[in-house]
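Because only heavy atoms are used, hydrogens play no part in the values below, and waters and symmetry mates are left out as well, while side chains stay in. Quick note on labels: first sequence line is chain A, next is B, and so on, each numbered from 1.
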Amino acid sequence: MNYLTRRLVTFPLVMLGVSILVFVSIRLVPGDAITAMLGTEAGLLTPDQRAALEAYFGIDQGWLVQYGRWLAGALQGDLGISVTYGKPVLDVILERFPLTLELALLSMAIALLVGLPAGVFAATRNERSSDLVVRILAMIGQSTPNFVVGLLIIFVLSVGFGVLPVMGTFTPFFENPLQNLGQMILPAITLGFAFAASVTRISRSAMLDVLSEDYVRTARSKGVPALGVIWRHALPNALIPVVTLSGVEFGYLLGGAVIVEQIFALPGLGRMVLDAILQRDYALVQGSVLFIALNFMIVNLIVDLTYALLDPRIRLGDR
Amino acid sequence: MGLPFFQTGAARRIASGVALAAMLGAATLTAPVAAATLRMAWSQDATGLDPHKQTAFSSIRLLELIYEPLVRLDSDLTIIPALAQSWEFAEDGKTLTFKLDPDAKFQNGEKVTSADVKASFERLMAEETGAAARANFLSIASIDTPDETTAVFNLSQPDVPILTAMTSINAAVVPASEIASGGIGTKAIGSGPFKLESWEPNAKEVLSANKDWAGGTVSVDGIDISVLPDETAILAALRTKQVDFALINDPLVATLVPNEASLTLDRTPVLNYHVLQLNPSRSPMTELGVRQAISCAIDRQDVLDTALLGEGKVAGPLTMPAYATDPAELFCYERDVEKAKQLLADAGHAEGFSATVIAATGEPPTAAAEAQVIQSQLAEIGIKLDIKMMELNVYIDTWLKGDFDMAVALNGGRADPYSMYNRYWTKDGNLQKVANYIDDTLDDLMQKGRVETDPAKRKEIFAAFEKHLAEMSPWVWLYTSYIYTAQQQNVDGFVATPTGSLFGLSAVTIK
């Protein structure tokens, strides 16, 4: 079997493991859909009323039966119905996913556009004051929580300039690209801030390693222009750790950025999962975590395949 | 050699800054400016559309705009007509007759008739519906419908508080046809001032004015509600005039609203009460002296000032103005640390003891701060509190099992003292196992208050009840807080009620 097939075969197994883990852990947490809906008023229910509601929420059977029922549906592509939204789980997820994907792509673009040049620049100015400035900025970027960045942006814009992107009602990209980007750019900057800082740090250190290699010295002594040395000879070899980092970060972002979505009132996956957990919408939690896990595995696979492209010495073929 | 990078980087940053400003400008300009639609924001969205089943404040606030009960409460907590134009208790207090508004119509065009009233209450009472509010209507034996606009409730025993219970949206009248088709909860077809055009859970609601509303004329075209989960973002949206009207829960955010000249903050005292629940079934809270010591050791005003920035009012168990006693007359409402120490010593705990207090994260937003202030106050008499913060659902589960030493709680208030407390302080109260305290005097006074029809006598009964409850200190009542609404200057005519209802939006105008 080649590498790709081998990896693809493990997908269903990992998914099965994830589904069991999620299924059990959400049910181990005290409280259920009934207390989530009724709060303390749930204490007023008679046993018969409680039984009726349990049947309504599909939590009247034992765990094994519930899981079996869910798995049978999932195998046929039916992830169940979300009790909060009154719609199939997959529909709810797919409605929220484009926003999350767009946000992840935008923040990654910001991170790479800012972080990579900054890292390379710092490496070429190693231990000089400009390197120090970049390193300090990166340190600040990495250690500032994104809710601080997000709230600061909102505060400065609304108090200082009296402007703010439209919040609450989200405009999809293909409906009105300009308004969509107006809504997405601030959250993307918020997320991209720390991400860019990580990219800066990792690309700086990778670049420093590469720049001390013999072949770089050879290229320089052959009279290759400085920019050519950096871009053509050094950078491609310094990219592997950057790709690893970006892949992992991107995978996380596809799971939704709970805090940033919360602050900017964006209806993305992260907030949806959080609300689903708080409202004990079991089917939606189960379905969305599975979806996020699948995304993460796909991104990781793409990262592994990229290694081989970047460095021909890495072979992913038969063993 | 790195210089060119820097230059390109800087140029790119400047270019992206310009693009950002352009996009934000465009986004601000393209914001909807339909003058007659009220743009509203709140942080917590409704969790469902079934008026009989939903009990969360966030759901009730939405459903009160769409559905109507037979009667409702005004801002003074007086019972006023809603779907019913008039009502009457029979001499013996066992029959309650309603005359319906003959013009009332559901949003599907059907008339509201006594058959809908009967069908709605029968649905509410049926155990398979799973409506928690059923507990308030157990005295209903049968409902007669002598004609289209008359509904007669036959009660198994005199039940004065039932009329107040009927003001809740949990007793809403829904179309009998929708009950038959199973549409309740998936669609929202009421008879109220607004129609629900669309609902995207945890994101937004679009409401339009119901032109056929029998209760009056709605002057706005509709309401667009946005869910902005972070209340500081709501404040920012108000500042930038994206939102005309907003509901705010967190006193720390609300107190910032008046800093903005263009905004008005309204605060209304509510019936809900903040309380430190003790568990009298757990040692040493089993002893009266220990519970009283805790009550005497707590400086209620200080907790209020420190945790809620003073945004509230110290209160006894009864929070409705018609029944509330002056807190100064209640047991140990003036802090007395010496008395507390003495009471504790007399109970054999001179050296104090350790206990755990539970609180819910973010519900209310000040819960953690309240627990910390109480912790430091009780430390002065040697009681060491361990604070356990829990996610709301976990807290509710633990609370319902009565599985705590002490609990910091924000409990719902009612306009009637019986409906508010029979669940805790009567022997067969549904939440007796949460209160864990049985007291013959309290039970007796509750039963008397239930059947007494003379308002002056009822007031006496409940005053005695409140005094005794504060003295026995199964819980330590602290204070009531406010609900806040913030609005732009162009919004006019909103009247809040102590129940937290947003029904007043039906009278709002936009200039």
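- Contact of B:Thr129 with chain A is made through the backbone alone, with heavy-atom distances under 4.5 Å.
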Checklist entry - Step by step, would you call A:Leu278 with B:Asn393 a side chain to side chain contact (heavy atoms under 4.5 Å, CB included)? => result CA-CA 7 Å; A:Leu278 293 178; B:Asn393 246 313; 5.6 Å; no

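- Under the rule for a ring pair (Phe, Tyr, Trp, His ring centres under 6.0 Å), the partners of B:Tyr424 that lie at least two apart in sequence or sit in another chain are B:Trp475.
- Of the atoms belonging to B:Lys53, heavy atoms from both backbone and side chain fall under 4.5 Å from chain A.
- Between B:Thr240 and the options A:Leu157, A:Leu164, A:Val159, a side chain to side chain contact (heavy atoms under 4.5 Å, CB included) holds for only A:Leu164.
- Each of A:Gly150, A:Ser158, A:Ala52, A:Ala51 has some count of heavy-atom pairs under 4.5 Å with chain B, and the biggest count is that of A:Ser158.
- If you tally non-hydrogen atom pairs under 4.5 Å between each of A:Arg271, A:Met272, A:Glu261, A:Glu95 and chain B, the highest count goes to A:Arg271.
- A distance of 8.0 Å separates OH in A:Tyr56 from CG in B:Asp50, rounded to the nearest 0.5 Å.
- Among the candidates B:Gly185, B:Pro201, B:Ala135, B:Ala131, the residue making the largest number of heavy-atom pairs closer than 4.5 Å to chain A is B:Pro201.
- Neither the backbone nor the side chain of A:Phe161 comes within less than 4.5 Å of any heavy atom of chain B.
- Salt-bridge check for B:Glu200 with A:Lys87: failed, with every basic side-chain N at 4.0 Å or more from each acidic carboxylate O.
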Checklist entry - Which is it for B:Thr232 and A:Ile154 under the side chain to side chain contact (heavy atoms under 4.5 Å, CB included) test, yes or no, and what are the steps along the way? => result CA-CA 9 Å; B:Thr232 48; A:Ile154 289 185; over 6 Å; no

Item to check | Criterion side chain to side chain contact (heavy atoms under 4.5 Å, CB included) on A:Thr40 and B:Arg423, from CA distance to verdict | outcome: CA-CA 11 Å; A:Thr40 54; B:Arg423 56 182 63 185; 5.5 Å; no

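- Counted within 6.0 Å of CZ on A:Phe173, heavy atoms from surrounding residues, nucleotides or ligands total more than 12; the atom is thus considered enclosed.
- B:Trp199 and A:Thr84 make their closest contact through CH2-O, 4.3 Å (heavy atoms, listed as atom of the first residue, atom of the second, distance).
- Heavy atoms closer than 4.5 Å to chain B are found nowhere in A:Asn180, neither backbone nor side chain.
- Ranked by heavy-atom pairs under 4.5 Å with chain B, the first of A:Leu53, A:Ile110, A:Val92 is A:Leu53.
- Residue contact with chain B, scored on non-hydrogen atoms closer than 4.5 Å, involves the backbone and the side chain of A:Ile263 alike.
- Annotation for B:Asp397 and A:Pro30: closest pair OD2-CB, 3.4 Å, computed over non-hydrogen atoms.
- Neither the backbone nor the side chain of B:Leu392 comes within contact range of chain A, judged by heavy atoms closer than 4.5 Å.
- Of the listed residues (B:Leu431, B:Leu400, B:Thr47, B:Asn202), the greatest number of heavy-atom pairs within a distance under 4.5 Å of chain A belongs to B:Asn202.
- Between A:Arg50 and B:Glu127 there is no salt bridge, since none of the side-chain N atoms of the basic residue sits less than 4.0 Å from a carboxylate O of the acidic one.
- Ion pairing of A:Glu41 with B:Arg134 is absent here, as no side-chain N (NZ or NE/NH1/NH2) approaches a carboxylate O to less than 4.0 Å.
- Both the backbone and the side chain of A:Leu38 come within contact range of chain B, with heavy atoms under 4.5 Å apart.
- No other option in B:Asn136, B:Leu235, B:Val227, B:Asp230 has as many heavy-atom pairs under 4.5 Å with chain A as B:Asp230.
- Of the residues considered (A:Asp32, A:Val83, A:Asp275, A:Val229), A:Asp275 shows the highest number of contacts with chain B, using heavy-atom pairs under 4.5 Å.
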